[in-house]
Amino acid sequence: MLAKASQLNWDQTFDTVILGFGGAGATAARFAADAGASVLLTDSAPNGHEGGNTRYSAQLIGTVDTAEAGKKYYQRLTYPIALDETMVDTFVDGMAHMRDYVKKYLGVEPVSVKNDFTSVDAPLPLDSAVHEYPEYEGQEAYDFTTVHHGLFDAALWKNLRQQVISRTDKITVWFSSPAKHLIQDPDTKAIIGVQIERDGHLYNIQAKKGVVMAMGGFENDPQAVQDYLGADHLAPLGSLYNKGDGIRMGEEVGADMWHMQNYEALGLLHGMAVAVPEGERGRLLLAWPDIANGSIMTVADDGSRYFDETEPNRHGHIYDHGTWRVPRTNVHPYLVFDQTQYDQIQTNGNVPVPDFEQQLVKADTLTDLATKIGADTEILANTVADFNHFAETGHDYAFNRKPDTMRAFDNGPFYALKMTHDVLNTQGGPRRNAQAEVLDTTGQPIPHLYSAGELGGICANQYQGGGNLAECLIFGKIAGENAAQAKADSQPAAMAASTDTTTGASAHNGLSSDLKPDIDLNQITLSDNQYLGVDNDGIGGEIVVRITYANETLQNIEIVAQSETGEVGGQAVKKLPDKMVAANTYEVDGITGASVSSRAIKNAVKDAIQKAKKAQPSL
């Protein structure tokens with residue numbers, strides 16, 4: 001923390017500073033702007049990678065039919081943790097009015113997943129997602145709201161981003177500009193500004209009315225993952241830019257912390273993904289029929305089984321003596337299977353990753369396999385022997401796996417596929433109240449400091465899908481509006497003593513907004529037989545392609561503007577143009593795992609080809 005705030009020179013001044021351009025930050029920024037504030041919205045991610053976990057989520061917003069039933073359900077989910085009742089009421093009341101919120105503030109007709117979705121809208125049935133804990137009172141009132149008939153397509157995120165774009169006269173956006181420290185008045189303890197790193201320089205940014213921390217969790221901070229979650233490592237499924245900055249900054253100004261042990265997972269088994277190098281996103285796989293059907297099991301570091309592989313997870317939680325918990329993590333868990341299972345996987349074509357064969361560990365004996373995967377040779381042998389016995393007797397005495405999913409292992413060879421525990425998001429961070437104020441260790445608000453979203457999220461213990469997105473919208477609005485209000489102590493001594501105070505983003509070179517409302521197509525050069533195509537439905541919004549088309553031949557495709565996610569949509573950006581040129585059509589198969597980006601790129605090429613045919617009537 002900066003020690004002497006009274007000696008600071010301000011590089012720029014805004015009414016409100018929002019840290020984090022995800023769902024919560026975008027919401028806070030638009031409502032602060034609507035309340036009349038000049039707003040700086042800054043994010044550590046580069047342009048095209050902003051959006052936090054909202055961008056990667058299923059786009060399902062938690063909703064309840066009535067606040068009364070929703071409160072019963074929510075309090076049972078968090079049991080035995082008892083939260084401030086005003087906080088709970090604010091949350092569930094917001095969910096009870098979520099459809100009105102979506103219609104009024106997002107400008108679209110809300111869609112009820114429980115009542116309006118069809119099999120066309122979702123690849124998998126969503127009943128178990130809507131009713132994640134069907135045994136709990138109040139669950140029947142739970143639902144999801146979406147902004148259209150679709151999911152996993154960033155539709156909500158793009159709407160929230162557009163709300164910011166449409167207010168660029170009031171909101172300045174900086175990318176690749178991480179906040180480093182909050183600036184606190186030493187006498188009043190009010191937060192009066194933020195130190196932000198941008199283009200290799202540190203800037204002191206004055207916030208006259210308030211600062212909102214909406215920087216997400218700490219799933220990409222290996223040290224915090226070990227310290228708070230007790231895991232060696234977790235593969236993130238969402239943003240790679242949630243690195244716990246808000247926790248460190250909150251600690252510097254005396255914030256209290258809560259929910260530090262809570263996190264959610266998703267995917268295969270109890271919330272696992274095929275192993276990836278540290279620092280890379282795990283690939284979300286929601287179904288692989290052969291993963292727990294046959295002579296296959298999951299083993300821990302020592303080669304023993306530790307759960308029922310057929311039990312569906314509830315955001316990474318599985319049943320544990322009357323409640324649902326995320327299982328204790330292992331350093332190197334593996335899927336272990338035999339030759340019969342390998343043949344079954346190949347026959348069914350259920351291969352989960354493109355480089356499946358390259359990732360397999362193969363050995364002729366279980367002893368050799370155990371050695372290769374770092375397991376105890378005796379324990380792995382006994383585990384397989386027990387599994388075979390359970391399969392033959394029709395009862396899994398260890399974990400009660402369904403007997404019709406178990407087949408005794410053959411005599412080899414044997415295979416292993418390295419897995420990893422994954423993380424969807426963390427919930428821990430600075431404690432907040434119903435006004436979205438950040439609280440200190442005595443339970444008092446830190447003046448002018450607010451938070452929203454997964455940094456200190458309200459969700460604890462068992463998690464019901466849709467809760468985090470609902471919180472982003474509910475508390476993002478509260479935080480933005482409150483951080484835009486003039487305060488009685490808005491001119492503390494440290495602020496009044498500061499010099500070089502400016503207003504607005506244009507006062508300093510290099511500090512202008514990075515977010516441009518539209519791509520200027522007139523600035524893209526075209527040669528003979530070249531045409532532009534545009535589609536607005538990529539994960540990152542607008543995609544612009546430039547094609548070369550002559551003699552009914554698609555000769556070249558360049559993607560000249562896009563903001564797709566590098567690890568997922570980037571594969572479509574990289575591979576699809578060559579596929580379409582080779583096939584001389586946009587009608588090619590998309591890239592696995594990047595269906596939204598693939599569809600948008602193909603639509604942009606289709607748009608360009610249609611323009612080419614109009615310009616070349618002989619075609």
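Side-chain atoms are counted along with the backbone in the values below, which use heavy atoms only and exclude waters and symmetry mates. This chain uses plain numbering: 1 for the first residue, then up along the sequence.
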- [ ] Verify the distance criterion only: is there a donor paired with an acceptor across the side chains of Q427 and N468 at less than 3.5 Å?
- [x] yes
TODO: Evaluate the criterion side chain to side chain donor-acceptor pair (under 3.5 Å) for residue pair N53 and E219; output intermediate values, then yes/no.
DONE: CA-CA 11 Å; N53 287 335; E219 56 266 28; 2.9 Å; yes
- [ ] Supply the atom-to-atom distance D440 CG to I446 CD1, rounded to the nearest 0.5 angstrom.
- [x] 5.5 Å
Open item on the list: Nearest 0.5 Å, please: how far is CG in N425 from CG in N242?
Closed with: 9.0 Å
- [ ] Apply salt bridge (Lys or Arg N to Asp or Glu O under 4.0 Å) to the pair D84 and R431, showing each step before the final yes or no.
- [x] CA-CA 11 Å; D84 174 76; R431 187 188 299 270; over 6 Å; no
Open item on the list: Using modelled atom types and a 3.5 Å cut-off, is there a donor and acceptor pairing between side-chain atoms of N461 and backbone atoms of Y79?
Closed with: yes
Task: Distance-minimising heavy-atom pair for A470 and M95 - done: CB-CG, 3.9 Å
Open item on the list: Please evaluate residues Q12 and N204 with respect to the criterion side chain to side chain donor-acceptor pair (under 3.5 Å), reporting the C-alpha separation (whole Å), side-chain torsions for both, the decisive distance (0.1 Å), and the verdict.
Closed with: CA-CA 7 Å; Q12 203 157 92; N204 298 322; over 6 Å; no
Task: Between CD on residue Q59 and CZ on residue F152, distance to nearest 0.5 Å - done: 9.0 Å
- [ ] Before giving the answer on salt bridge (Lys or Arg N to Asp or Glu O under 4.0 Å), spell out for E50 and R161 the whole-Å C-alpha distance, their side-chain angles and the decisive distance to 0.1 Å.
- [x] CA-CA 9 Å; E50 76 280 7; R161 183 176 182 271; 3.0 Å; yes
Open item on the list: So, applying side chain to side chain contact (heavy atoms under 4.5 Å, CB included) with Q464, which one of H315, R314, E132 is it?
Closed with: E132
Task: Contact summary for Q485 and A35, nearest pair of heavy atoms - done: NE2-CB, 4.1 Å
Task: Closest heavy-atom pair and its distance - A235, T420 - done: CB-CG2, 3.7 Å
- [ ] Output, in order, the C-alpha distance, side-chain angles, deciding distance and verdict of salt bridge (Lys or Arg N to Asp or Glu O under 4.0 Å) for D34 and R167.
- [x] CA-CA 9 Å; D34 289 350; R167 293 165 174 81; 2.7 Å; yes
Could you pull out every donor-acceptor pair under 3.5 Å between side chains of residues 14-24 and any protein atom, sequence neighbours left out?
residue	atom	partner	partner atom	Å
D15	OD2	S38	N	2.9
D15	OD2	S38	OG	3.3
T16	OG1	A483	O	2.9

Task: Donor-acceptor contact present, side-chain T172 to main-chain S513, <3.5 Å - done: no
TODO: Assert yes or no for the condition that the ring centre distance of Y133 to W324 is strictly below 6.0 Å.
DONE: yes
- [ ] Check the pair E252 / H181 against side chain to side chain donor-acceptor pair (under 3.5 Å), numbers first and verdict last.
- [x] CA-CA 8 Å; E252 287 179 343; H181 301 280; 3.0 Å; yes
Open item on the list: One pair to check against side chain to side chain donor-acceptor pair (under 3.5 Å): E437 and N433. What are the steps and the verdict?
Closed with: CA-CA 6 Å; E437 297 171 306; N433 63 17; 2.9 Å; yes
Task: Main-chain N/O of L106 paired with N159 side-chain donor or acceptor, under 3.5 Å - done: yes
- [ ] Tell me yes or no: between the side chains of Q462 and T323, is some donor less than 3.5 Å from an acceptor?
- [x] yes
Task: Expected output: side-chain N330 to main-chain P333 donor-acceptor under 3.5 Å - done: no
- [ ] Test the R198-Y203 pair against the cation-pi criterion, namely NZ or CZ under 6.0 angstrom from the six-membered ring centroid and within 45° of the ring axis.
- [x] no
TODO: Nearest 0.5 Å please: distance from the OH atom of Y463 over to the CG atom of L77.
DONE: 10.5 Å
- [ ] Can you measure from NZ (K103) to CE (M98) and round to the nearest 0.5 angstrom?
- [x] 15.5 Å
Open item on the list: Under a 3.5 Å distance rule, please check whether D320 uses its side chain to pair with a backbone N or O of R325 as donor and acceptor.
Closed with: no
Task: Donor-acceptor under 3.5 Å (D256 side chain, G443 main chain) - done: no
- [ ] Ignoring hydrogens and angles, tell me if any N or O in the side chain of N313 forms a donor-acceptor pair with the backbone of G267 under 3.5 Å.
- [x] yes
Task: Expected output: side-chain T188 to main-chain A190 donor-acceptor under 3.5 Å - done: yes
Open item on the list: Both conditions, 6.0 Å and 45 degrees, for the charged tip of R432 above the ring of F475: are they met here?
Closed with: yes
Open item on the list: So does H233 get a backbone contact from the side chain of Q226, meaning a donor-acceptor N/O pair under 3.5 Å?
Closed with: no
Open item on the list: For a quick test of reading the model, state the closest non-hydrogen atom pair linking R283 to L237 and the distance between them.
Closed with: C-CD2, 4.3 Å
Task: Distance (rounded to the nearest 0.5 Å) between L83 CG and D89 CG - done: 11.5 Å
Open item on the list: Quick check against the 3.5 Å criterion: does S166 have a side-chain atom that pairs as donor or acceptor with the backbone of Q163?
Closed with: yes
TODO: Report yes if the distance between the aromatic ring centroids of H270 and H421 is under 6.0 Å, otherwise no.
DONE: yes
TODO: For the residue pair D185 and H448, confirm or rule out a side-chain donor-acceptor distance under 3.5 Å.
DONE: no
